[in-house]
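Step one of this worksheet: look at the structure below.
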Protein chains: 2
Amino acid sequence: MAGTADDATDRRDTSSRDKILEVAEALFARRGFAGVGMREVAEAAGLGKSSLFHHFRSKVQLYLAVLERVLGRLDDRQTAVLSQSLAPAEKLDRWMDVTIDTFAEQPASARLLLRALFEEDEFDGTDWPEGQAVDRRLASVLEGVARLLNEGMKKGAFRAASTPHVLQTLIGAALYHFASGELGEALLGGPMLSADAVRARKAEMKAFMHHGLAPRPAQSAGGDES
Amino acid sequence: MAGTADDATDRRDTSSRDKILEVAEALFARRGFAGVGMREVAEAAGLGKSSLFHHFRSKVQLYLAVLERVLGRLDDRQTAVLSQSLAPAEKLDRWMDVTIDTFAEQPASARLLLRALFEEDEFDGTDWPEGQAVDRRLASVLEGVARLLNEGMKKGAFRAASTPHVLQTLIGAALYHFASGELGEALLGGPMLSADAVRARKAEMKAFMHHGLAPRPAQSAGGDES
DNA sequence: GTCTATATCACGATAGAC
DNA sequence: GTCTATCGTGATATAGAC
């Protein structure tokens with residue numbers, strides 16, 4: 001696996017809080033905020049329901065803590081790559097490497113993030129104080145890669161494209177793939193998290209991005225039926 | 001808007017069933033299966049809760065009916081395009097036109113479909129008989145565009161790529177964009193469903209696909225940090 | 001077909017013993 | 001920090017009058 005080593009080693013003396021976050025991450029990823037009950041989380045973590053409420057005062061607080069942990073892991077690794085001094089195209093490749101590795105190593109994170117991005121939670125705002133940490137992490141992730149794209153376009157390493165649209169495509173291509181689970185594996189005809197499958201996805205996304213962002217005048221597409 | 005005219009015209013003599021499906025589609029899209037209550041659907045449709053259960057025997061049945069309607073609308077329009085005799089590249093452009101138009105004209109459909117694809121419902125199988133219609137529609141959508149991609153590669157119109165991976169990228173780029181709602185509009189800095197914004201998304205996706213599928217040998221990407 | 005009532009159950013959250 | 005017991009609410013779903 002990649003650089004960071006603070007992961008799931010020695011799980012034995014893990015605190016209850018970490019265990020809760022671990023199982024809650026998997027459950028929220030699979031069935032969403034409304035689809036998971038605190039009783040279910042408690043049982044999966046090996047506790048009673050009241051003990052769970054001792055660690056997290058409310059379901060929203062637990063959900064936001066899970067989200068912040070997932071976003072934090074991703075943000076830290078991406079920020080490390082983005083702070084290196086590399087040519088934009090090379091840096092974008094590294095960004096895709098580390099992003100895809102994170103999704104592949106933590107299978108729940110892609111689904112959880114995809115939900116968080118399109119599900120318009122009512123608690124990612126100013127209402128819940130814990131939501132601010134989530135908002136900061138999300139902004140850091142998005143602004144980091146947006147800055148890279150803009151820099152690359154200014155330097156002529158990428159064609160002049162719409163940064164938001166490229167971002168949307170990048171998010172969709174990376175996040176959806178690893179969130180697609182069963183259906184994705186049915187399409188691929190095999191596992192999606194094996195070393196080979198992860199390598200294949202990286203190659204595929206890099207090929208698309210290399211060609212799609214190549215610094216040549218974009219060919220004006222055909223007609224428009226609407 | 002586009003060709004089909006069976007849309008929301010003369011809503012006055014719409015039956016209760018259609019009204020229910022309409023409001024349920026919007027609600028399920030926004031908050032998912034578990035996040036929506038039958039009482040809420042009934043009230044939004046202007047009925048009592050029991051009247052709703054008269055039209056749909058269970059919540060699962062209602063959800064599957066909504067899904068089938070959304071998938072059916074998409075499948076019908078895509079199939080019409082795919083059955084035309086056009087060159088693969090041109091046909092893929094038309095496929096993207098009609099797909100994006102459908103998502104843009106029915107704003108709930110993208111979110112609903114995205115959920116259906118990655119949420120691994122337990123009722124999309126053999127358990128519920130209504131789920132088979134949903135499965136058929138989904139298979140038709142996926143197989144249709146997969147056939148087009150394979151045909152294009154065989155004819156040399158597209159580079160030899162992994163059809164499943166291209167499919168995943170295509171789904172992610174089209175579906176996520178129109179499902180991204182608030183966040184997407186925040187990134188774009190404006191509305192995402194306006195005629196201009198829809199045109200811009202079509203152009204962006206076509207540019208990426210034209211370049212990403214261009215029939216030249218794919219350049220072998222750089223290193224791999226994992 | 002639509003309604004009022006009701007049955008049954010699980011939910012989030014709290015109280016308080018240990 | 002974990003437990004049992006409980007509160008109040010809202011969930012899906014049904015019964016039966018009109």
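Bear in mind that the values here come from a model prediction, so they are computed numbers and not experimental data. Convention: sequence-line order gives letters A, B, ...; per-chain numbering from 1.
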Below 4.0 angstrom, which residues in residues 44-52 of chain A have at least one non-hydrogen atom near DNA chain C? A:Lys49, A:Ser50
Do you see a donor-acceptor pair shorter than 3.5 Å between the side chains of A:Ser180 and B:Gln168? yes
Side-chain donor or acceptor of A:Ser140 paired with backbone N/O of A:Arg136 under 3.5 Å: no
Looking for any heavy atom pair under 4.0 Å, which part of the strands does B:Val36 touch: base, sugar-phosphate only, or nothing? sugar-phosphate
When you check the side-chain N and O atoms of A:Thr169 and B:Arg201, is any donor under 3.5 Å from an acceptor? yes
Going by side chain to side chain contact (heavy atoms under 4.5 Å, CB included), name the residues that satisfy it together with A:Ala200, two or more places apart in sequence or in a different chain. B:His165
Side chain to side chain, A:Val134 and A:Trp128, heavy atoms closer than 4.5 Å: no
Heavy atoms, side chains only, cut-off 4.5 Å: are A:Arg115 and A:Leu67 in contact? no
Can you list, in residue-number order, the parts of residues 53-68 of chain B that come under 4.0 Å of DNA chain C, counting heavy atoms only? B:His54, B:His55
Holding to side chain to side chain contact (heavy atoms under 4.5 Å, CB included), I want the full list of residues that pass it with A:Ala45, two or more places apart in sequence or in another chain. A:Lys19, A:Ile20, A:Val23, A:Leu47
Can a salt bridge be assigned to the pair B:Arg73 and B:Glu105 using a cut-off of 4.0 Å between side-chain N and carboxylate O? no
Contact list for residues 50-75 of chain B, test ring-ring contact (aromatic ring centres under 6.0 Å, His included), sequence neighbours left out: B:Phe28-B:Tyr63, B:Phe33-B:Tyr63, B:Tyr63-B:Phe123
I'd like the 5' and 3' limits of the part of DNA chain D contacted by chain A, with heavy-atom contacts below 4.0 Å. D:dG1 to D:dA5
Taking every non-hydrogen atom, the tightest pair across B:Val198 and B:Ala104: CG2-CB, 3.6 Å
